[in-house]
Undergrad: 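One structure, as structure tokens, below. Some questions next.
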Amino acid sequence: MAWRHNRWVRRWLVLVVFWAVPVAIVAVREIQEEMSYNIVDLDRALTTWQFTDAERAAGDAARCRGKPDEARALGCPADVLAANAPRQQEAIAEYALRRRTLFLYLWHAFVGYWIVPAAFVFAVGLVVAGIRRALRRPPVVKRTVQH
């Protein structure tokens, strides 16, 4: 294969692989930070309950704690669960949207910070290689003298 014998291509591959390390570190940190915020926000939305005055007076606030499944197990009335379900579904949908947006953002960052620079360096290398080949002197042909 040609790339085994071409020093420039091997150097480009090493550069691209080493450049992937800081890009991956930034991406992982961004995912950890943003997803931890999103998970806390989702948990807060799922464990926060809204009650009417009558429900609060009936003592439903004591039985409706935690996430919906936990509240159901604690004996939370179905009407309270049903009243809070749309808001909780909106929180789940918001979490999914944030997650999809984060990964789309990271894909664009990956392309912009890793693929585009790698392609640019490769293109510059091809141009330099083409110029060097064009400026190379033709091989000297030795003529033999006949007597």
Undergrad: Could you pull out every donor-acceptor pair under 3.5 Å between side chains of residues 17-37 and any protein atom, sequence neighbours left out?
TA:
residue, atom, partner, partner atom, Å
W19, NE1, Y113, O, 2.4
S36, OG, Q32, O, 3.1
S36, OG, E33, O, 2.8

Undergrad: Given the rule that I, L, V, M, F, W and Y join up when any side-chain heavy atoms are under 4.5 Å apart, are L15 and V124 in one cluster?
TA: no
Undergrad: Please tabulate, for the side chains in residues 91-100, all donor-acceptor contacts under 3.5 angstrom to protein atoms that are two or more places apart in sequence or on a different chain.
TA:
residue, atom, partner, partner atom, Å
E94, OE2, R98, NE, 3.3
R98, NH1, N38, OD1, 3.2
R98, NH1, D41, OD2, 2.8
R98, NH2, D41, OD2, 2.9

Undergrad: Is it the case that one hydrophobic cluster holds both Y105 and W114, taking links as side-chain heavy atoms less than 4.5 Å apart, direct or via other members?
TA: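 Per the 4.5 Å side-chain linkage, Y105 and W114 are not co-clustered.
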Undergrad: Quick one: pull up CD in E55 and CD in Q50 and give me the separation to the nearest 0.5 Å.
TA: 10.5 Å
Undergrad: Using every non-hydrogen atom in the two residues, find where P117 and G112 come nearest and quote the distance to one decimal.
TA: CD-O, 3.4 Å
Undergrad: Test of understanding: clusters of I, L, V, M, F, W, Y form through side-chain heavy atoms closer than 4.5 Å, transitively. Do V16 and V128 belong to the same one?
TA: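 Looking at the clustering, V128 is in a separate group from V16.
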Undergrad: Short question: side chain of R87, backbone of A45 - any donor-acceptor pair under 3.5 Å?
TA: yes
Undergrad: Taking the side chain from W107 and the backbone from L102, do they hold a donor-acceptor pair closer than 3.5 Å?
TA: no
Undergrad: Measure across D43 and K67 and return the closest heavy-atom pair with its distance rounded to 0.1 Å.
TA: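 Heavy-atom minimum between the residues: OD1-CE, 3.1 Å.
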Undergrad: If you take all heavy atoms of W8 and V121, which pair is closest and at what distance?
TA: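 What the structure gives for the nearest pair is CZ2-O, 3.6 Å.
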Undergrad: Would you check if the side chain of R65 reaches a backbone N or O of E70 as a donor-acceptor pair within less than 3.5 Å?
TA: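 Absent.
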Undergrad: Distance-only, no hydrogens or angles: does the D60 side chain make a donor-acceptor pair with backbone N or O of C76 under 3.5 Å?
TA: no
Undergrad: With hydrophobic residues grouped by side-chain heavy-atom distances under 4.5 Å, do F103 and F110 end up in a single group?
TA: no
Undergrad: Can you measure from CG (L74) to CZ (R63) and round to the nearest 0.5 angstrom?
TA: 10.0 Å
Undergrad: Might you point out which heavy atoms bring P68 and L81 nearest each other, and give the distance in Å?
TA: O-CD2, 4.0 Å
Undergrad: Flag the pair W49 / Q88 as yes when at least one side-chain heavy-atom distance between them is below 4.5 Å, and no otherwise.
TA: yes
Undergrad: Please assess D53 against R56 for the test salt bridge (Lys or Arg N to Asp or Glu O under 4.0 Å), listing each intermediate value before the final yes or no.
TA: CA-CA 5 Å; D53 291 336; R56 198 173 303 280; 5.1 Å; no
Undergrad: Would you say F122 ends up clustered with I115 if hydrophobic residues are merged whenever their side chains have heavy atoms under 4.5 Å apart, either directly or through other cluster members?
TA: yes
